[in-house]
Amino acid sequence: MFDRSFFARTSVEVAPGLLGAHLVSGEVVLRITEVEAYLGVGEDPGSHSFRGRTNRNQVMFGEPGHLYTYFTYGMHVCANVVCSPAGTSGGVLIRAGEIVEGREIAAARRHTSRTSADLARGPARLTVALAITLADGGTDLASGPLRLELPAAASDYESGPRTGVSGDGGGAEYPWRFWIPGDPTVSPYKAHAPKKRP
DNA sequence: TATGCGATTGCCT
DNA sequence: GGCAATCGCATAG
């Protein structure tokens with residue numbers, strides 16, 4: 001099932017509802033176990049859209065329920081689901097999940113992972129496992145080979161500070177990381193490296 | 001135009 | 001546990 005209006009709310013409201021959802025990419029299906037919410041213009045210093053619309057983040061200002069992809073650290077692609085109504089911005093970063101179908105295909109793409117839990121544990125790892133690239137940015141996740149299927153029932157979840165978000169006024173104080181408790185595919189929490197104090 | 005760093009990962013010690 | 005890899009984006013000048 002896919003309900004567009006589900007995504008037309010703030011990313012913090014949407015994020016826990018994505019736990020247990022299936023992200024389908026061709027033959028490979030991911031069960032989402034960990035996400036992070038990023039809000040919009042002027043609301044969230046950790047968000048790519050904090051300073052307004054740019055060429056990179058423009059899809060976050062479009063129709064909710066689409067895919068926002070970005071390139072980082074010179075080598076990695078991460079995937080978000082666009083939230084909040086068109087004209088406003090926000091997104092939910094898919095941080096980790098369990099491959100529930102097409103495990104052999106995903107493992108072939110992820111030749112460095114040794115265990116099945118490692119296949120899609122981490123935002124850049126799961127895009128490799130699902131073969132999601134920058135070219136998939138803007139895709140409508142309602143239908144097609146790359147799509148999102150919402151869970152029938154809400155999952156239990158825990159929340160805490162986001163990973164990789166700087167602590168000094170960067171929005172690390174907000175508990176906008178959500179995960180399914182006890183799931184082995186949830187990435188271990190790692191606080192952002194503190195900046196040097198002169 | 002120049003420069004610093006990031007919503008990370010994997011290899012090295 | 002520590003750090004290199006690697007380049008697009010945003011900010012400063």
Side-chain angles (χ1 to χ4, degrees), chain A residues 7 10-12 14-16 18-19 23 30 32-61 66-84 89-97 99 106-138 157 159-179 184-198:
Chain A
F7 301 97
T10 71
S11 54
V12 172
V14 172
L18 290 181
L19 295 172
L23 183 57
L30 178 85
I32 297 171
T33 59
E34 180 185 0
V35 297
E36 279 177 9
Y38 288 86
L39 295 185
V41 179
E43 300 172 313
D44 177 6
S47 172
H48 285 172
S49 64
F50 178 62
R51 292 170 180 82
R53 185 174 183 145
T54 67
N55 187 59
R56 172 171 66 159
N57 65 27
Q58 57 173 315
V59 310
M60 275 209 283
F61 291 82
H66 287 232
L67 188 72
Y68 166 56
T69 53
Y70 67 91
F71 183 70
T72 191
Y73 288 102
M75 61 187 90
H76 297 306
V77 176
C78 298
N80 300 246
V81 180
V82 174
C83 297
S84 84
S89 66
V92 176
L93 172 69
I94 311 300
R95 284 198 59 86
I99 304 292
R109 294 171 179 151
R110 286 265 310 126
H111 79 109
T112 57
S113 87
R114 300 181 178 267
T115 70
S116 61
D118 280 341
L119 280 178
R121 185 172 68 183
R125 290 170 170 182
L126 72 86
T127 59
V128 172
L130 297 182
I132 292 172
T133 68
L134 289 180
D136 294 309
Y157 65 89
S159 63
R162 293 176 294 183
T163 302
V165 174
S166 71
D168 187 27
E173 64 271 32
Y174 305 111
W176 291 339
R177 170 176 175 254
F178 304 88
W179 65 93
T185 61
V186 173
S187 57
Y189 174 70
K190 242 173 132 179
H192 185 273
K195 282 185 177 177
K196 270 189 181 176
R197 295 287 168 94

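Side-chain atoms are counted along with the backbone in the values below, which use heavy atoms only and exclude waters and symmetry mates. Here is how names work: the chains are called A, B, and so on, in the same order as the sequence lines, proteins then strands, and each is numbered from 1.
Across all strands shown, the partner of dC5(B) is dG8(C), judged by Watson-Crick or G-U wobble contacts whose two distances both fall under 3.5 Å.
One interatomic measurement links the two molecules: NE2 of H76(A) to P of dC9(C), which rounds to 17 Å at whole-angstrom precision. In this structure, the CG atom of L93(A) is 11 Å from the C1' atom of dT8(B), given to the nearest Å. The distance between atom NE2 of H111(A) and atom P of dC11(B), rounded to the nearest whole Å, is 8 Å. At whole-Å resolution of the value, OH in Y73(A) and C1' in dA7(B) are 8 Å apart. The distance between atom CZ of F50(A) and atom C1' of dG6(B), rounded to the nearest whole Å, is 16 Å. Nucleotide dG6(B) holds its C1' atom 11 Å from the CE atom of M75(A), rounded to whole Å. Protein atom CG of L126(A) is 12 Å distant from nucleotide atom P of dG10(B), rounded to whole Å. We find that CE of M60(A) is positioned 11 Å from P of dA7(B), with the value rounded to whole Å.
With distances taken from any side-chain atom of R56(A) to the nucleotides dA5(C), dA10(C), dA7(B), the minimum falls on dA10(C). With distances taken from any side-chain atom of S47(A) to the nucleotides dA7(B), dC7(C), dA10(C), the minimum falls on dA7(B). For R110(A), counting side-chain heavy atoms from C-beta on, the closest listed nucleotide (dA7(B), dT8(B), dG10(B)) is dG10(B). The side chain of A124(A) lies closest to dT9(B) when the candidates are dA7(B), dT6(C), dT9(B). You'll find that the side chain of F71(A) is closest to dG8(C), out of dG8(C), dC11(B), dT8(B). Each of dA7(B), dG10(B), dT8(B) was ranked by its minimum atom distance to the side chain of Y38(A); first place goes to dA7(B).
Between the C1' atoms of dG1(C) and dA7(B), the separation comes to 23 Å (whole Å). Atom P of dA2(B) sits at a distance of 23 Å from the matching atom of dT6(C), rounded to the whole Å.
Crowding of Y157(A) atom OH: a count of heavy atoms from other residues, nucleotides or ligands under 6.0 Å not exceeding 12.
A donor-acceptor contact shorter than 3.5 Å is absent between the side chain of S47(A) and the backbone of G40(A). In this structure a side-chain-to-backbone donor-acceptor pair under 3.5 Å is missing from D44(A) to F50(A).
Residue T54(A) places at least one side-chain N or O closer than 4.0 Å to OP1 or OP2 of dA10(C). Remark: H48(A) is in phosphate contact with dA7(B), judged by side-chain N or O atoms under 4.0 Å from OP1 or OP2. Note on T72(A): every side-chain N or O is 4.0 Å or more away from OP1 and OP2 of dT8(B). A close approach under 4.0 Å does occur between a side-chain nitrogen or oxygen of R125(A) and OP1 or OP2 of dG10(B).
Using a 4.0 Å heavy-atom distance criterion, N80(A) is classed as a base contact. Using a 4.0 Å heavy-atom distance criterion, G46(A) is classed as a base contact.
Pairing each heavy atom of Q58(A) with each of R53(A), the nearest pair is CB-NE, 4.0 Å.
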Q: Mind running side-chain contact (heavy atoms from CB on, under 4.5 Å) on V41(A) and F61(A) for me, showing each step along the way?
A: CA-CA 10 Å; V41(A) 179; F61(A) 291 82; 3.7 Å; yes
Q.
As a quick check of understanding, evaluate side-chain contact (heavy atoms from CB on, under 4.5 Å) for N80(A) and V92(A), giving each step before the final call.
A. CA-CA 5 Å; N80(A) 300 246; V92(A) 176; 6.0 Å; no
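Here Y70(A) does not pack flat against the base of dA7(B), since the 5.5 angstrom centre distance and 30 degree tilt limits are not both met.
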